[in-house]
Amino acid sequence: MQITSRAKRVDKKPFTFLERAYLPAIFGGMVITIKHLFKKKVTIRYPEVQREFSPVYRGVHMLKRDENGAERCTACGLCALSCPAEAITMTADERKPGEENLYREEKYASVYEINMLRCIFCGLCEEACPKEAIFLTDSIPTANFTRDDFTYGKDRLVEPLVRPVKHINAFEEERRTAWNKAR
Amino acid sequence: MSTIFFLGYKTILVTMVWGISLLIAMYATLMERKLAGFLQDRLGPDRAGPFGIFQPLMDGGKLFFKEEIIPNDSNKFLFILGPSLAMFTACMTSAVIPWGPDLNLFGHTIPLQIADINIGVLFVFGVVSLGVYGVMIGGWASNNKYSLLGAVRASSQMISYELAMGLSLIAVLMMSQSLSVKEIVQQQHGINWNVFYQPLGFLIFIICAFAETNRAPFDLPECEAELVGGYHTEYSSMKLGFYLFAEYINMFVSSAFMAAVFFGGYNFPFMDKIANGNLLAILGVAVFFAKIFFFIFVFMWVRWTLPRFRYDQLMKLGWQILIPLSVINILLTGGAIMLKNL
Ligand code: SF4
Ligand code: SF4
């Protein structure tokens with residue numbers, strides 16, 4: 001019964017004399033390897049040259065600020081809930097009067113930690129967030145000596161203030177165009 | 001020639017040959033890694049200095065500073081003797097290789113060969129077969145079954161392939177009628193190289209040379225996958241370094257020997273056009289080293305192309321194919337010589 005038209009007959013012929021003599025095959029192999037001597041090398045000399053990431057690469061998270069520089073996160077916990085790796089923990093706190101420029105909503109996360117060893121960089125937290133507060137950037141978690149160092153707190157997650165704050169929509173827009181281009 | 005002068009230039013020559021073989025062996029490690037990289041579309045080590053030229057120094061330094069472990073159950077004397085012997089025999093073979101035509105300096109003729117003994121080829125074989133002891137003693141003294149298995153493999157491999165090697169060389173010796181390496185080289189004046197008369201002999205010889213130096217595809221004595229490193233499993237620090245280093249020196253020396261016996265040594269086409277003897281000597285040395293480097297390159301090229309032989313295949317190739325072939329080669333050569341003299 002013929003199941004597919006692509007079936008190939010395999011037969012176990014005894015080797016011919018030339019095949020048994022190895023030498024033609026050996027020289028053929030050596031020609032192949034010598035050709036590789038002149039091929040373009042795939043090595044990326046890392047610290048000097050960095051590999052180009054895909055525009056939709058998912059790396060270390062960033063907790064964004066809004067256009068006034070206030071943290072967007074309201075500690076709703078949806079990201080933690082959506083996280084398949086259970087990498088996110090947070091502690092909510094209430095905004096005190098006079099802290100409006102620091103936190104956008106009345107409730108904010110006083111502690112927000114992501115364990116980078118648990119995280120699988122799936123991006124579901126980004127999708128779940130109703131406040132567009134968390135985004136995955138294109139940087140990779142750096143190497144560390146202890147496990148504890150891989151638990152990133154707010155000090156390493158919140159978008160730094162000194163940088164000109166990019167409007168969240170612009171960020172989204174950039175991503176979308178990049179994604180479309182990549183496709 | 002005064003004795004003092006004789007001793008002086010021999011000492012210089014010995015030191016130079018020794019230093020150069022060490023240097024070349026050192027940089028052969030870098031070349032090997034670079035070449036391995038390039039053949040696999042990588043770059044190889046390039047961090048230590050430009051193009052990684054300090055890499056061998058770093059590797060050597062690292063080996064010196066590694067902890068030196070001598071296993072409790074080993075035979076300490078033999079354990080140390082093993083790598084020393086391997087290194088010693090590796091360095092000794094280069095004594096009979098003529099590096100170039102004679103130099104004329106200060107009114108003296110200076111042969112660029114440490115010792116022109118009339119049984120040079122035999123000497124090489126004698127020393128090379130001593131090399132087995134380094135491996136065997138090291139593997140046995142480690143008191144480790146992997147080392148022992150590696151050593152047993154190494155010694156049986158070396159002994160089997162030495163036979164075919166010697167037989168393939170006999171055809172050359174029949175033609176040259178001399179065992180002195182210098183004379184063999186001199187007979188290949190110009191482009192009258194032995195390889196054109198003995199292609200089969202050369203093929204057998206180079207295959208055996210791969211086996212003798214324990215290089216891929218015959219690196220069974222130290223196959224990492226099966227024997228955890230083979231005969232040097234228990235070795236660490238510079239003693240391991242000696243074993244690895246001896247392999248590279250052996251590679252250099254066997255390349256030199258092959259270049260001398262089959263590829264005309266320092267001879268090159270149109271060498272008679274050069275009247276100045278010293279210039280000829282220098283050019284000869286350069287040509288000889290170019291040939292040596294070519295063979296070292298071939299050694300590495302083969303290593304990064306071919307997979308390892310299985311042990312029974314290795315033995316079968318040695319005993320059932322190479323030895324009969326070299327006997328046939330001897331018969332053919334004998335027939336040809338007879339026809340010529342008729
Ligand atoms: S990227 Fe995925 S795994 Fe990582 S924190 Fe977000 S939801 Fe969890
Ligand atoms: S990052 Fe977004 S989803 Fe997570 S707690 Fe803050 S607001 Fe909620």
Side-chain angles (χ1 to χ4, degrees), chain A residues 8-60 116-117 121 138-147 149-150 181-182, chain B residues 31-52 164 199-211 215-218 293-310 312-314 316-318 320-322 324-325 328:
Chain A
K8 246 191 197 164
R9 252 188 77 86
V10 198
D11 61 343
K12 210 176 158 209
K13 276 194 304 245
F15 278 0
T16 59
F17 175 74
L18 270 186
E19 278 169 330
R20 258 185 303 137
Y22 289 128
L23 288 173
I26 286 176
F27 289 128
M30 285 171 76
V31 169
I32 290 175
T33 42
I34 203 76
K35 272 189 200 145
H36 280 265
L37 193 64
F38 307 105
K39 281 221 177 117
K40 198 174 169 297
K41 304 294 167 239
V42 293
T43 307
I44 296 170
R45 289 190 158 89
Y46 168 58
E48 296 99 48
V49 187
Q50 300 221 349
R51 163 176 240 118
E52 212 178 297
F53 283 130
S54 144
V56 291
Y57 183 83
R58 297 190 297 261
V60 169
M116 292 298 166
L117 289 179
F121 301 96
D138 60 357
S139 58
I140 44 176
T142 46
N144 270 315
F145 286 105
T146 62
R147 279 170 176 271
D149 282 337
F150 282 102
K181 213 162 66 194
Chain B
M31 184 177 156
E32 169 109 64
R33 294 170 67 182
K34 276 278 185 199
L35 203 69
F38 270 74
L39 291 182
Q40 296 168 353
D41 292 345
R42 297 182 285 112
L43 285 176
D46 68 340
R47 290 291 125 174
F51 306 110
L200 183 63
F202 171 67
L203 196 69
I204 297 169
F205 190 87
I206 195 169
I207 293 173
C208 296
F210 287 138
R215 301 268 314 173
F218 306 111
F293 282 127
F294 172 73
F295 278 114
I296 294 180
F297 176 78
V298 171
F299 264 94
M300 293 173 180
W301 183 10
V302 166
R303 169 164 183 193
W304 297 104
T305 305
L306 298 182
R308 184 181 297 132
F309 270 65
R310 214 171 53 212
D312 59 318
Q313 292 171 332
L314 173 94
K316 203 172 152 211
L317 180 70
Q320 298 190 356
I321 297 172
L322 291 184
L325 266 185
I328 292 173

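As a basis for the values below, the full set of heavy atoms in this structure was taken, side chains included, without hydrogen atoms, waters or symmetry mates. Just so it is clear: chains get the letters A, B, ... in the order the sequence lines come, proteins before strands, and each one is counted from 1.
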- Message: For Ile34(A), which atoms come within 4.5 Å of any heavy atom of chain B: side chain, backbone, both, or neither?
- Response: both
- Message: Quick check on Leu43(B) against chain A: is it the side chain, the backbone, both or neither that has a heavy atom closer than 4.5 Å?
- Response: both
- Message: Only pairs of heavy atoms separated by less than 4.5 Å count here; which of Leu317(B), Thr305(B), Asp46(B) has the most with chain A?
- Response: Thr305(B)
- Whether over 12 other heavy atoms sit under 6.0 Å from Phe51(B) CZ: no
- Message: Under 4.5 Å from any heavy atom of chain A, what part of Leu203(B) do you find: side chain, backbone, both or neither?
- Response: side chain
- Counting heavy-atom pairs under 4.5 Å to chain B, which of Lys40(A), Arg45(A), Lys35(A) comes out on top? Arg45(A)
- Message: Checking side chain to side chain contact (heavy atoms under 4.5 Å, CB included) between Phe38(B) and each of Lys39(A), His36(A), Lys41(A), which is the one that passes?
- Response: Lys41(A)
- Let me see the working for Thr33(A) and Trp304(B) under side chain to side chain donor-acceptor pair (under 3.5 Å), right down to the final yes or no. CA-CA 8 Å; Thr33(A) 42; Trp304(B) 297 104; over 6 Å; no
- Query: Does CZ in Arg47(B) sit with more than 12 non-hydrogen atoms of other residues, nucleotides or ligands closer than 6.0 Å?
  - Reply: yes
- Taking every heavy atom of Met30(A) against every heavy atom of Val302(B), the minimum-distance pair comes out as CE-CG2, 3.6 Å
- Message: Would you compute the distance between atom CG of Asp41(B) and atom CZ of Phe38(A) and round it to the nearest 0.5 angstrom?
- Response: 12.5 Å
